[in-house]
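Every value quoted in this text rests on a predicted model; they were computed, and no experiment measured them.
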Amino acid sequence: MMGKQKFSRSLKRSICIEYMQSGKSRKEISLKYNLPSVNTLSSWINSCLSPLEIHEKCASLPPVTFHMDTDMAKERQEKPMDAASMSALIEAQRKQIEKLEKQLKYSQDKNLALNTLIDVAEEHGIKIRKKSGAKQ
C-alpha cells in the first residue's frame with residue numbers, strides 16, 4: 001500500500017490553476033494527480049489561491065452580455081456610418097485592444113512573479129500569506 005503523497009505548495013497551486021483554467025471536472029483532475037478525493041482539490045483552491053486569483057483564472061464563468069437600451073438602438077439605426085469613419089473606429093478599437101492585452105499580460109506576469117516569490121519564501125520558512133480563520 002502506498003503512503004500518503006506530499007505535494008509542495010507550488011505544485012498544489014499549479015494543480016489548482018490547471019483545474020481553474022482547463023474546464024475539466026474536479027474528479028478528472030483528482031484522478032490525473034492521484035488525489036485522495038475531490039474535496040482535497042477544493043480545500044487546496046481555498047488555501048492556495050486568493051479570491052482574486054480564483055476570479056481571474058476561472059474558465060467556467062458565464063459570459064457577460066450587455067443589452068442595448070431600445071432608445072440607444074433606435075438612435076444608432078438612424079445614424080449610419082460611412083466607410084471611412086467605420087474603419088477609423090475599428091482601427092482605434094483595435095489599438096485599444098492591443099494596449100489592454102499588453103497591460104493584462106504585464107499584470108499576469110507580475111502576479112505570477114510575486115506568487116512565485118512568496119512560494120519560494122514560504123518554502124524557506126518565511127510565513128507571508130495570512131491564514132484564513134479566527135486569530136489564535
Side-chain angles (χ1 to χ4, degrees):
M1 184 173 193
M2 250 178 101
K4 193 172 180 179
Q5 207 173 358
K6 295 278 185 174
F7 293 88
S8 70
R9 183 171 179 85
S10 58
L11 180 57
K12 289 177 185 179
R13 282 179 51 78
S14 298
I15 292 170
C16 292
I17 290 169
E18 178 183 342
Y19 164 69
M20 300 298 285
Q21 292 179 337
S22 69
K24 293 181 181 177
S25 69
R26 289 185 302 158
K27 186 172 184 168
E28 289 174 304
I29 297 293
S30 297
L31 290 172
K32 179 178 177 181
Y33 291 100
N34 199 22
L35 302 180
S37 75
V38 294
N39 294 332
T40 302
L41 182 59
S42 296
S43 67
W44 286 359
I45 290 169
N46 292 328
S47 66
C48 296
L49 298 177
S50 70
L52 179 62
E53 288 176 307
I54 292 170
H55 176 73
E56 289 175 347
K57 295 178 185 342
C58 187
S60 60
L61 290 174
V64 178
T65 56
F66 296 99
H67 299 286
M68 199 182 305
D69 190 293
T70 54
D71 292 334
M72 283 178 61
K74 288 178 185 174
E75 188 178 307
R76 281 210 174 168
Q77 289 173 353
E78 293 171 6
K79 298 178 184 176
M81 295 181 80
D82 65 336
S85 46
M86 182 66 85
S87 63
L89 177 64
I90 291 171
E91 183 62 25
Q93 288 177 340
R94 186 189 61 75
K95 285 182 180 179
Q96 183 169 7
I97 289 170
E98 286 176 4
K99 178 183 171 188
L100 292 172
E101 285 174 341
K102 211 177 203 181
Q103 289 174 341
L104 175 62
K105 177 71 173 132
Y106 175 79
S107 295
Q108 289 172 335
D109 290 346
K110 181 179 177 181
N111 191 7
L112 178 63
L114 291 172
N115 280 309
T116 302
L117 178 69
I118 291 170
D119 290 341
V120 169
E122 288 189 342
E123 286 174 4
H124 287 87
I126 302 169
K127 301 290 182 198
I128 296 176
R129 287 190 178 94
K130 290 186 176 182
K131 303 290 183 221
S132 61
K135 289 186 177 181
Q136 295 181 0

Q: Is Arg94 paired with Glu98 through a side-chain N to carboxylate O contact shorter than 4.0 Å?
A: yes
Q: Run the numbers on Ile29 and Ser22 for side chain to side chain contact (heavy atoms under 4.5 Å, CB included), then give the verdict.
A: CA-CA 9 Å; Ile29 297 293; Ser22 69; 4.2 Å; yes
Q: Please report the closest heavy-atom contact between Ser30 and Leu41, naming both atoms and the distance.
A: OG-CB, 4.4 Å
Q: Looking at Glu28 and Ser25, would you say the former's side chain and the latter's main chain have a donor-acceptor pair under 3.5 Å?
A: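 Judged by distance alone, yes, a pair lies under 3.5 Å.
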Q: Looking at Glu123 and Ser8, what are the two nearest heavy atoms and their distance?
A: OE2-CB, 4.5 Å
Q: Rounded at 0.5 Å granularity, tell me how far OG1 in Thr40 sits from CG in Asn34.
A: 10.5 Å
Q: In Å, rounded to the nearest 0.5 Å, how long is the span from CD of Gln108 to CD of Glu101?
A: 10.5 Å
Q: How long is the span from the NZ atom in Lys24 to the CD atom in Glu18, to the nearest 0.5 Å?
A: 5.5 Å
Q: Which heavy-atom pair separates Ile118 from Arg129 by the least distance, and what is that distance?
A: CG2-NH1, 3.3 Å
Q: Please round to the nearest 0.5 Å and tell me the distance separating atom OG of Ser43 and atom NZ of Lys12.
A: 7.5 Å
Q: To the nearest 0.5 Å, how far apart are CD1 in Ile97 and CG in Leu104?
A: 12.5 Å
Q: With a 6.0 Å cut-off on the ring centroids, do Trp44 and Tyr19 count as close?
A: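 No: the rings miss the under 6.0 Å criterion.
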Q: Does atom CD of Gln103 have more than 12 heavy-atom neighbours, drawn from other residues, nucleotides or ligands, at distances under 6.0 Å?
A: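 Count over threshold, so yes.
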Q: Look only at the side chain of Arg9 and the backbone of Asp119, and say whether a donor-acceptor pair between them is shorter than 3.5 Å.
A: no
Q: Other than Val120, which residues form its hydrophobic cluster under the rule that side-chain heavy atoms must be closer than 4.5 Å?
A: none
Q: Starting from Ile45, can I reach Leu11 by hopping between I/L/V/M/F/W/Y residues whose side chains sit under 4.5 Å apart?
A: yes
Q: How many angstroms lie between atom NZ of Lys105 and atom NZ of Lys102, to the nearest 0.5 angstrom?
A: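 If I round to the nearest 0.5 Å, the distance is 13.0 Å.
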Q: Within the 3.5 Å criterion, strictly below it, is a donor on Asn115 or Asn111 matched to an acceptor on the partner's side chain?
A: yes
Q: If we only count heavy atoms from C-beta on, is the Asn39 to Arg26 side-chain gap below 4.5 Å?
A: yes
